[in-house]
Amino acid sequence: MTETMILDPADPNLVFGATGLLQTFNAAGVLGPADVHAATAIARLAGEADDRVRLALALTVRAVRAGSVCIDLAEVHTTSFDTSEVRIDLAGLPWPEPAAWLEAVRASPMVADGHDHEGGRPLRLAHGLLYLERYWLQEEEVRTEWLSREERNPPELDRDRLTGALDRLFTGEGLPAGEPDQQRRAAAVAALRWVSVIAGGPGTGKTTTVARVLALLLDQPGLDHRPGRGLRIALAAPTGKAAARLEEAVREAADQLPAADRDRLGELSASTLHRLLGWLPGSRGRFRYHRGNHLPYDVIVVDETSMVSLTLMARLLEAVRPDARLVFVGDPDQLSSVEAGAVLADIATAPGPDDTALDRGLAALGLDSEPAPPHGVVRLSHTWRYGGAIETLARAIRDSDADAAIDVLRSGAEDVIFVESDLDRADPAGLEPLRERVLTAGRTSHDAAAAGDVEGALRGLDQHRLLCAHRQGPYGVARWGAEAEHWLIEAYGSWAVPAAPGSPVSGRDRTAEWYPGRPLLITANDYELGLYNGDTGVVVATEHGPRAAFARGAEPTVVSPVRLDAVQTVHAMTVHRAQGSQFGCVSFIVPPPDSPLLTRELLYTAVTRATDRVQVFGTVDAIRRAVLHPANRASGLRPRLRPASSGS
Ligand SMILES: Nc1ncnc2c1ncn2[C@@H]1O[C@H](COP(=O)(O)OP(=O)(O)OP(=O)(O)O)[C@@H](O)[C@H]1O
């Protein structure tokens, strides 16, 4: 929901009847109606009359909506909750004095005070942070499940076989002289631990490494090596699109393995995490597999882990047998999940105790040139897919080097275009590269779709994607999607629109609405169809009438439009929604420098969605601001990823 500062009696964001601090913070746009209502109702039930405690509760609810797991009462007055598209002046608000506020919260009957306090209260104050109890429990679950896997005796392995397989599968060929083979190291760590992370940016060979890790494990003696028997392997990702990409990429990587390894691997398919966990209709977050009914797999690989929320990670970890290997794959520098948590980034940056078992294991494999990485996280840094200006730009953003990022943007490189333009205007200058890409990709997709070519239409769809940070306003999806649609109509005429301009909705020609090449966005999960919020597809003309096609590994999902409940036309989308996908060309509308959404992770994620060309539209000030401002998601996981005895 967009927050606003405007005090308008008809404003749906204002809660009439709110009192005290809740009213003030609601009127200022810090708290939304959901936060105020939740805090009022819970405080009433708990008999809590202290205004400051009600405010703390409402802010905790607000923080979760903005992606944080908890709040720090001493810091919250400086927090810009980053779902807001408008910056709110926090300094002018009547923030309670922090020490007294903390004491009031600590004494409240709504608050369980301390790590070990019994549960059953709505809030928990632990390690200086205030949580909704539900998120505290999930964070504890992730922490303890992760640590219990670290503390178990390492998996038993035949070291000689492992060394032989590492030598066969990781030759280091193609790496610059002297550069250590981090893929080999990541594979060894994945084999030697119950839980590990293969981290890296696009094209660093994460999936290639996954295929080889699986080959290493299948090479171990004592297993029935027939595909589908012996070692039971699951591949999963948070979205349908990401699962489809994982399946395809593992298949391609497997094709490059020596024949015997390839045969042992067989055909692997990937699913969404929801499907893996056994989504139950109408169960509101309960899954078929859980602590009391573990998943049957021996190895579970999860791709695009940056998109996994705290809640989903907690459900996954409890559902996985303690003696199953978990390999997480992802890019910790990307935006975090839409829902609360930044689990991958937390784990990838958490300090850890010395891992002596892993040190010994790596030494036995001759991989002891560096100490064992904390928490089994190995970062791949060599890029194999492309080395052009996109990579240089991504690296500069990740390294927080604003001057270097601006140099690349202005370098005139073929694959990085920077249009320095004031997008706040009605008719901004320099949009020609954007218009050209919109028209070319639209044409390709339409022509293939009109000819009934599903694959071609889907390929056209991925040729170009227009990304924004905001939904509304001069920098938002609504404006830029309409702009793109306008260009398409102007260039190609009526096929590019759902109905003739100006025609009343009731008089709409239903077939015209499903015109070939119409780009679609799914806006709610549909587990029956296996389509998920954020999936994109395209309408294709078939002999049976128009059909909606979605990329799904080897076989696209093709469904009748009447079966789609939550779908809209997508000419532009948010960067968040584009996570887990890549496109030939990406055009990114950079928000203004004062946008709370403008973070390093946002810019990095937008830029790295492109494989061949990125077009950035905005100002140098906004780029500089983004590069220098990392996202700020509060969570207690990073500092607490160590045994409780060493840090409560
Ligand atoms: N060690 C290697 N030697 C040669 N080529 C490699 C190596 N590792 C990866 N590649 C090649 O680099 C490309 C990217 O690899 P891969 O798809 O595994 O990367 P990724 O990190 O999974 O990428 P993304 O995150 O974009 O999906 C592939 O074409 C792959 O064949």
Side-chain angles (χ1 to χ4, degrees), residues 165-188 190 196-216 235-258 261-262 265 268 270 301-308 327-335 344-345 348 367 377-388 390-391 393-395 398 415 462 465 551 553 578-586 601 604-614:
L166 281 169
D167 287 345
R168 183 172 72 246
L169 296 165
F170 296 91
T171 58
E173 210 180 296
L175 278 173
E179 193 165 319
D181 188 350
Q182 292 295 1
Q183 293 183 346
R184 184 188 181 106
R185 191 173 170 78
S196 58
V197 178
I198 302 174
T204 50
K206 299 184 294 297
T207 325
T208 304
T209 308
V210 163
R212 295 178 190 179
V213 167
L214 298 176
L216 285 182
L235 305 178
T239 67
K241 183 78 183 277
R245 282 186 71 214
L246 172 64
E247 186 177 314
E248 212 171 286
V250 168
R251 187 175 301 125
E252 277 169 22
D255 282 346
Q256 290 166 23
L257 294 175
D261 292 299
R262 192 173 58 228
L265 208 53
L268 289 172
V301 177
V302 178
D303 197 9
E304 298 290 352
T305 308
S306 58
M307 296 171 74
V308 179
V327 182
F328 290 101
V329 182
D331 186 350
D333 296 307
Q334 277 193 37
L335 282 172
L344 179 66
L367 289 167
V377 182
V378 179
R379 279 184 187 259
L380 309 182
S381 53
H382 183 78
T383 306
W384 295 89
R385 192 180 291 126
Y386 52 76
I390 299 178
E391 193 206 329
L393 176 59
R395 205 176 281 270
R398 207 185 47 208
D415 52 346
D462 283 354
R465 189 58 52 91
Q579 272 182 290
S581 300
Q582 279 195 298
F583 312 95
C585 174
V586 162
E601 289 79 356
Y604 175 83
T605 306
V607 163
T608 55
R609 295 313 85 212
T611 52
D612 303 328
R613 180 180 165 105
V614 64

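Order of listing sets the numbers, starting from 1, for every ligand and every atom in it.
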- Contacting atoms of ligand 1, where contact means under 4.0 angstrom from a heavy atom of Gly201: 21 (O)
- Query: Going by the atom numbers of ligand 1, which of them fall below 4.0 Å from some non-hydrogen atom of Gln582?
  - Reply: 26 (O)
Tell me, which protein residue and heavy-atom name are nearest [atom], and how many Å apart are they?
atom: atom 3 (N) of ligand 1; result: Trp384 CZ3, 3.3 Å
atom: atom 19 (O) of ligand 1; result: Gly205 N, 3.0 Å
atom: atom 22 (O) of ligand 1; result: Thr207 OG1, 2.4 Å
atom: atom 27 (O) of ligand 1; result: Arg245 NH2, 3.5 Å
atom: atom 18 (O) of ligand 1; result: Thr208 OG1, 2.6 Å
atom: atom 17 (O) of ligand 1; result: Arg385 NH2, 3.3 Å
atom: atom 20 (P) of ligand 1; result: Lys206 N, 3.4 Å
atom: atom 8 (N) of ligand 1; result: Gln183 NE2, 3.1 Å

- Item | Test salt bridge (charged side-chain N to carboxylate O under 4.0 Å, His left out) applied to Arg398 and Asp331, step by step | CA-CA 11 Å; Arg398 207 185 47 208; Asp331 186 350; 6.0 Å; no
Verify, without hydrogens or angle tests, whether [X] (side chain) and [Y] (backbone) share a donor-acceptor contact under 3.5 angstrom.
X: Arg212; Y: Leu169; result: yes
X: Thr305; Y: Val302; result: yes
X: Glu601; Y: Pro332; result: no
X: Glu247; Y: Ala270; result: yes
X: Gln579; Y: Leu335; result: yes
X: Arg184; Y: Phe170; result: yes

Could an N or O of ligand 1 be found under 3.5 Å from any N or O of [X], whether backbone or side chain?
X: Pro202; answer: no
X: Thr209; answer: no
X: Gly203; answer: yes

- Tell me, with the steps shown, if Arg245 and Gln582 meet side-chain hydrogen bond (donor to acceptor under 3.5 Å, both in side chains). CA-CA 10 Å; Arg245 282 186 71 214; Gln582 279 195 298; 3.2 Å; yes
- Query: Looking at CH2 of Trp384 and OG1 of Thr208, how far apart are the two atoms once the value is rounded to the nearest 0.5 Å?
  - Reply: 9.0 Å
- Query: Say you draw a straight line from NZ of Lys206 to CD1 of Ile198; how long is it, rounded to the nearest 0.5 Å?
  - Reply: 9.5 Å
- Item | Residue part near ligand 1, for Ala249, under 4.0 Å between non-hydrogen atoms | neither
- Query: Where does Glu252 meet ligand 1, judged by heavy-atom distances below 4.0 Å: at the side chain, the backbone, both, or neither?
  - Reply: neither
- Short check: is a protein heavy atom less than 4.0 Å from atom 29 (O) of ligand 1? no
- Let me see the working for Gln334 and Thr605 under side-chain hydrogen bond (donor to acceptor under 3.5 Å, both in side chains), right down to the final yes or no. CA-CA 5 Å; Gln334 277 193 37; Thr605 306; 4.5 Å; no
- Check if Gln256 has a non-hydrogen atom at a distance under 4.0 Å from any atom of ligand 1. yes
